[in-house]
Amino acid sequence: MIKYINVKSKTRNEFIDITDMVQDVVKESGIVKGVCCLFVPHTTAGITINEGADPSVQRDIVQALSRLVPHDANYFHREGNADAHIKSTLVGTSVQVIVEDGKLVLGTWQAIFFCEFDGPRHRRVAVTFLR
Ligand code: ZN
């Protein structure tokens, strides 16, 4: 069983907290104990787990990635989004979260972020479980 979470980004580079949506999928699945696998089927987006309490952290990560990988840098890929492809590979396109007692096991300050690097777009995140 694969469920999809739909995400709509509003800007070119953006982190979107999807923790509550993932927890809803866990609840709907009825799974009590196992592993939640999240996968982003896109080449210019990613997924990561980091601090959700202070939005400055997300902004700092977005800015740091843009310093590391500038939008224009004489890339071979001429579609105009080479930076987004590189950021996707740096961040990665999957994470796994342990599920215990029907809840995602996350640290107090942790949240799951969909990472947009070539928005605004309609995106999706695939969710499945290992039991
Ligand atoms: Zn491209």
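Model, not experiment: these values are computed from the prediction. In listed order, ligands and their atoms are each counted from 1. One is the number of the first residue; the rest follow in order along the sequence.
Among residue pairs with one or both ends in residues 57-86, those qualifying as salt bridge (charged side-chain N to carboxylate O under 4.0 Å, His left out) are Arg12-Asp83; sequence neighbours excluded.
Both Val7 and Ile49 belong to a single network of hydrophobic side chains, linked directly or stepwise wherever heavy atoms of I, L, V, M, F, W or Y lie under 4.5 Å apart.
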Residues 93-104, side-chain donor-acceptor partners within the protein, below 3.5 Å, at least two apart:
none

Which donor-acceptor pairs under 3.5 Å do the side chains of residues 25-34 make with protein atoms, sequence neighbours left out?
| residue | atom | partner | partner atom | Å |
| --- | --- | --- | --- | --- |
| Ser29 | OG | Val26 | O | 2.7 |
| Ser29 | OG | Ile31 | N | 3.1 |

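Excluding waters, the set of protein N, O or S atoms lying under 2.8 Å from the Zn ion (ligand 1) comprises His77 NE2, Glu79 OE1, Asn81 OD1, His85 NE2.
Nearest heavy atoms, Phe114 versus Ala45: CZ-CB, 3.5 Å.
Of the options Asp24, Asn6, Ile112, a side-chain contact (heavy atoms from CB on, under 4.5 Å) to Ile18 is made by Ile112 and by none of the others.
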